[in-house]
Structure formats: structure tokens, C-alpha cells
Undergrad: 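Quick one: the structure is below, questions incoming.
Letters A, B, ... are given to chains in the order of the sequence lines, protein chains preceding strands, and every chain is numbered from 1.
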Protein chains: 2
Amino acid sequence: MATTHHKLIILGGGPAGLTAGLYAARARMDHLLIEKGAEGGQILLTDWIDNYPGFPDGISGFDLAEKMTAQAKRFEMKSMFGNVVSMDLSSPIKLLELEDGATLSCDTLIICSGAHPRPLGIPGEKEFTGKGVSYCATCDAPFYRNQHVAVVGGGNTAVQEAAHLTKFADKVTLIHRRDELRADKILQERAFANPKVDFIWNTIATAIEGKDGVERLQLQGTDGNKSSLKVDGVFILIGVLPNNKMLPLDVLNADEEGFIPTDLETRTVVKGVMAAGDIRSKEVRQVINAAGEGATAVLAAEQYLSNL
Amino acid sequence: MATTHHKLIILGGGPAGLTAGLYAARARMDHLLIEKGAEGGQILLTDWIDNYPGFPDGISGFDLAEKMTAQAKRFEMKSMFGNVVSMDLSSPIKLLELEDGATLSCDTLIICSGAHPRPLGIPGEKEFTGKGVSYCATCDAPFYRNQHVAVVGGGNTAVQEAAHLTKFADKVTLIHRRDELRADKILQERAFANPKVDFIWNTIATAIEGKDGVERLQLQGTDGNKSSLKVDGVFILIGVLPNNKMLPLDVLNADEEGFIPTDLETRTVVKGVMAAGDIRSKEVRQVINAAGEGATAVLAAEQYLSNL
């Protein structure tokens with residue numbers, strides 16, 4: 001098959017990619033956005049987004065994705081569905097190989113392939129995602145005012161978010177598979193001192209159950225004892241994983257977790273290649289900063305192209 | 001007067017500050033946002049915003065500011081009107097002095113003081129500001145119904161506002177010091193297609209003259225040729241300068257233009273002090289990335305506080 005060339009390819013159609021598409025289209029750059037699934041990315045999994053500025057009453061993830069897509073298309077964003085399986089970034093002309101064997105090339109590439117929460121992989125988890133199962137306390141804590149929620153995890157995020165959840169929930173039960181937390185000592189101390197947080201040690205969640213929403217967790221101790229815990233919600237905070245299978249991680253100098261390091265303007269170590277949104281090596285992963293980085297990345301791409 | 005202490009103070013109520021306020025309020029942090037004028041910042045001066053993702057048909061600057069404010073207040077963002085005139089960042093407890101003599105203190109500070117239009121610095125400019133010289137087409141365009149106005153500049157703002165001005169003015173002359181515009185291609189195309197807009201290239205304005213108001217501009221070409229242009233008003237749209245008068249620039253290691261350098265997570269060189277939005281030393285100044293940085297800054301503040 002022939003190789004189609006564009007000045008800019010945007011890999012991924014979540015908030016970072018769609019914002020990059022909007023900016024690229026408005027700048028009348030020769031561009032193409034490639035999305036594997038549906039435009040919107042992870043926000044499609046988010047029932048309700050209360051912290052994307054501009055929507056006083058919040059907005060569903062689906063509606064926000066639709067609005068972002070419509071806006072970019074109003075300015076004639078070009079996009080296609082396709083699954084990029086590998087790429088070669090060793091020359092100024094970057095090559096992308098798709099699952100169907102087609103090849104695309106570009107002068108500049110904005111990687112917005114995103115990330116996904118590390119799942120527990122237990123029954124009920126998929127079924128109740130957005131209906132009591134959450135992977136983001138920052139997003140969803142206010143929904144659990146005066147309720148009882150469980151947090152699964154033992155790292156900084158889990159322990160910090162457990163404390164955060166007590167600002168809303170009446171009771172937070174942290175479930176950890178070991179007998180001590182991995183989180184920073186100071187976070188641990190605070191959690192231990194918080195009367196609203198209790199702990200179940202040496203225990204894993206084996207199933208999430210309920211009717212229309214989460215009602216209880218099935219638990220199993222390392223000693224084999226089984227039990228059941230009545231909860232209104234469960235936060236699974238055991239990390240996020242980068243969507244990086246198609247990326248040359250060594251060339252991009254990926255961090256130890258597989259995310260892509262960039263400078264302030266989203267430039268990676270490879271000239272002409274930017275990374276924006278959750279795939280970027282950074283501490284804060286939110287819809288609003290992913291979108292902001294998409295805009296920044298296009299301006300960085302324009303600057304790179306104007307110096308070619 | 002007594003000093004009131006907060007864990008977090010947010011300085012400025014533009015998109016970065018309002019997003020920081022939203023995130024701080026949702027995180028139930030003890031916070032206070034201080035705004036000098038009206039909430040919204042520079043976007044209040046923007047007639048129409050087409051590139052803030054989530055609004056397919058665009059939104060007025062006024063409406064976006066109102067929506068962001070309403071959203072933050074829904075989560076009980078605390079704010080006050082006040083003019084910070086100086087601050088002392090030398091101790092872990094940061095001190096802010098207000099114009100009325102009051103003092104506020106905080107553990108963490110997010111600087112979102114923004115930027116303001118850059119003046120030309122030519123004779124007549126100050127004298128006729130508000131009498132024919134304007135830095136805001138949105139604010140002042142309706143005064144020039146059926147008249148002839150000049151726009152000085154060549155970037156997105158200048159070209160967009162030139163088009164906006166044609167809704168009122170009979171004729172808009174854009175004066176640019178180069179032979180091509182810096183603005184996005186789509187904005188250029190629209191301006192070139194607009195019969196009410198004409199262009200004077202390779203030319204600078206050297207003086208603004210008149211009696212009770214602006215009557216003419218003195219111009220000089222890069223070839224040395226001098227000329228005069230009869231106009232009823234002039235809009236100066238040539239970029240921005242940081243709002244940094246209240247900041248200890250040496251302590252914050254400000255760049256040569258007076259903007260504040262930060263790391264990827266918006267942290268300045270002073271522990272516990274973040275900078276977000278247009279005041280940040282960076283290449284891309286857009287509403288969407290200002291908002292994104294406001295969110296990042298609050299998470300950085302939370303992390304700092306949790307290690308105190």
C-alpha cells in the first residue's frame with residue numbers, strides 16, 4: 001500500500017487529541033487524527049465530569065466528548081479510525097504502521113494515546129464502572145456525601161484519596177493486600193489519625209456485587225477467610241497504565257512506568273514529536289490539563305514545522 | 001489589622017485562578033481567591049472564544065467567565081475582592097499585603113495574576129487612551145459605528161479583532177510591521193476575504209494625533225517613507241506584558257520579560273508557590289492551557305501541604 005503523508009499526525013482522540021485536532025484545523029495545518037475506538041477516549045468511561053471548567057452543573061463524559069468532536073469538525077478536523085501498531089521515529093519523516101498493513105508518514109507527531117486505570121480484574125468491576133466503581137476520587141468523591149466507600153490500594157494515591165474521600169463520605173474503608181502501606185509515612189500517619197478511615201489488612205477484593213449499583217464487596221484474607229463488606233462505592237486506586245504498546249519506548253526515553261517525558265511545551269526528546277495528555281510523564285492527570293497540553297503541542301508542532 | 005491565614009491563597013480570578021478555585025473548593029482545602037477586578041480576567045475583554053474545547057459554536061468571554069465562576073461557587077469557592085500590592089515569600093508562611101493595609105498569610109500560594117496588553121509606547125498613546133486609543137475591541141468596538149479605525153498588530157488577537165470591528169466600523173485598516181501575519185491561517189483567510197478590512201504592511205505607527213480625540217496616525221514604512229492616516233480610533237493589539245508588580249521578581253527568578261518560570265507541575269523556585277496561566281514563563285498562552293495549569297497547581301499545592 002502507498003504511504004500517505006501529512007505534516008502533522010495526532011495519535012489518539014481523547015481530550016488532548018481532540019484539542020490538538022481543533023487547534024490544528026483552525027491553523028489550517030495539513031493534519032490527520034487517528035483514533036482507535038470512539039472519539040473521547042477515557043472520558044467516555046466517566047459518567048459525570050464536575051471539574052471541567054465551563055460547565056457549572058457538570059457534564060457527562062459522553063456529552064463532553066461529543067461537543068469537543070463537533071467543535072473540531074466544525075473547523076474541518078480530519079480524522080480516521082485506525083489502530084497504530086508500531087512506528088519508526090528514527091528519521092525526520094516519521095512512519096506509522098497500522099494494524100491493516102497501511103503506512104502513514106508525517107513531519108510532526110503528537111502522541112495523545114492516553115492511559116487506562118490499572119484494573120483489579122474481578123467480577124463486577126466492569127459491570128459497575130461508573131455506577132459505584134470509580135478509578136478517580138478527585139472526580140467522583142462528591143457523589144458519596146454521607147456514604148460508606150471502600151478504597152482498594154496502598155500507595156500514595158490510594159491513601160491520599162482515602163483521606164480526600166472523608167471530606168464527603170461518612171466512612172472510608174481502605175483494603176490492602178499487605179500488612180502495611182506503601183504510601184509516604186506522613187500520608188499514612190494522617191490516614192491512621194483520621195477517625196473516618198478504617199483499614200482491612202492482608203485482604204483482597206474478589207468480587208463487586210449489587211443490583212443497579214455497588215452494594216457490597218466480597219473479600220478474602222491471605223489466611224483464606226472470606227467476608228463481605230457493605231459499601232456504596234469502591235475506588236480502585238492501584239495505578240494507571242500508559243497506552244504505549246505502539247510506541248518505541250527506548251527512542252522516546254520513556255520513564256520506568258512507560259510514560260513519555262516532555263519539556264514544558266510538550267516536546268519529547270525526539271525532534272518533531274510531542275506528547276500531550278495522560279501518556280505524558282507527569283503528576284496530574286485531569287481532563288482539563290490534557291486539553292491544555294493538546295493546544296500547547298500544536299503550537300510546538302507549528303513552530304517545529306516553520307523551522308524545517 | 002490582624003493577619004488572616006489560609007492554607008492556600010489563589011492570586012487572580014481569570015481562567016487559571018477560577019480553575020484553581022474550583023479544584024481547591026472541591027478538595028475542601030482551606031483557600032481564598034483574591035481578585036482585583038471582575039472574575040474572568042482578560043477573557044472578559046474577548047468578544048468570542050472559538051477554541052475553548054467543549055463549546056462547538058464558541059462562547060463569549062463574558063459567558064465563559066460567568067460559567068467558570070458559577071461552577072467554582074457551586075462547590076463553595078471562597079473569594080474576595082482586593083488588590084495585593086506586595087508580598088514576602090521568604091518564610092514558609094507567605095505574607096501578602098493589600099492596598100488597604102490588610103495582611104493575609106498562607107502556606108501555599110498559586111499566582112494567577114495574568115498579563116495585560118502591551119502598549120506601543122508612542123506619543124499620543126497615553127493621552128488618548130479611552131479617547132480613541134483602545135486595547136480591547138470587544139469593549140470599545142460599538143463606539144466606532146460607521147467610522148474608520150486602525151488596528152496595530154499581526155497576531156491572532158489583532159486579526160480576529162479587526163474582523164470583529166467591521167461589525168461596527170465602515171473600514172478597518174490593519175497596520176503590521178512585517179509583510180505577513182502571524183495569526184492562524186483561518187483567521188488570515190477571513191480577514192483577507194473581508195471587504196471592510198485593508199492592510200498596510202511593513203509599517204509602524206510613530207505617533208497618535210488629534211485634538212479632543214484621535215484624528216490621525218503618523219506612520220513610517222521600513223523603507224523610511226513617512227505618511228499619515230486619518231482614523232477615528234486605533235486599537236493596539238501587539239501582545240501582552242505580565243501583571244507582576246506585586247511579585248518579588250528576584251525571589252521568583254522571573255525571566256527577562258518578567259514572567260515566572262515553573263516546572264512541569266507549575267512549581268516556582270519558591271517551595272509552596274505555584275504559577276499558572278499567562279503569568280507563567282511559557283510559549284503558549286491560551287484559555288485552555290491556563291485552565292489546565294490551574295488544576296495542576298492545586299494538586300501541587302495539596303502535595304506540598306501533605307508533606308509539611
Undergrad: Can you tell which part of Leu308(B) gets under 4.5 Å to a heavy atom of chain A, answering side chain, backbone, both or neither?
TA: backbone
Undergrad: Has the side chain of Glu283(B) got a donor or acceptor atom that lies under 3.5 Å from a matching backbone atom of Glu265(A)?
TA: no
Undergrad: Given heavy-atom pairs under 4.5 angstrom as the criterion, report whether the side chain, backbone, both or neither of Arg280(B) touches chain A.
TA: side chain
Undergrad: Would you sort out whether Tyr52(A) and Gln71(B) count as a side chain to side chain donor-acceptor pair (under 3.5 Å), showing the intermediate values?
TA: CA-CA 9 Å; Tyr52(A) 185 83; Gln71(B) 189 173 358; over 6 Å; no
Undergrad: So, do Asn51(B) and Phe75(A) sit near enough that their side-chain heavy atoms are less than 4.5 Å apart?
TA: no
Undergrad: Heavy-atom distance under 4.5 Å between the side chains of Arg74(A) and Asp50(B), does that happen here?
TA: yes
Undergrad: Any heavy-atom pair between the side chains of Pro53(A) and Leu18(B) that's under 4.5 Å?
TA: no
Undergrad: Looking at Arg26(B) and Cys139(A), would you say the former's side chain and the latter's main chain have a donor-acceptor pair under 3.5 Å?
TA: yes
Undergrad: Can you establish whether the number of heavy atoms outside Lys67(A) located under 6.0 Å from its atom NZ is more than 12?
TA: no
Undergrad: Given that the side chain runs from C-beta out, which part of Glu189(B) has a heavy atom under 4.5 Å from chain A: side chain, backbone, both or neither?
TA: side chain
Undergrad: Non-hydrogen atoms of chain B under 4.5 Å away: do they reach the side chain of Pro142(A), the backbone, both or neither?
TA: side chain
Undergrad: Is the CZ atom of Arg28(A) crowded by more than 12 outside heavy atoms at less than 6.0 Å?
TA: yes
Undergrad: Pick one of side chain, backbone, both or neither for Glu66(A), based on which atoms fall under 4.5 Å of a heavy atom in chain B.
TA: neither
Undergrad: Which atoms of Asp63(B) are under 4.5 Å from chain A, going by heavy atoms: the side chain, the backbone, both sets, or neither?
TA: neither
Undergrad: Counting heavy-atom pairs closer than 4.5 Å to chain A, which one of Val287(B), Asn307(B), Leu264(B) comes out on top?
TA: Leu264(B)
Undergrad: Thr69(B) versus chain A, heavy atoms under 4.5 Å apart: side chain, backbone, both or neither?
TA: neither
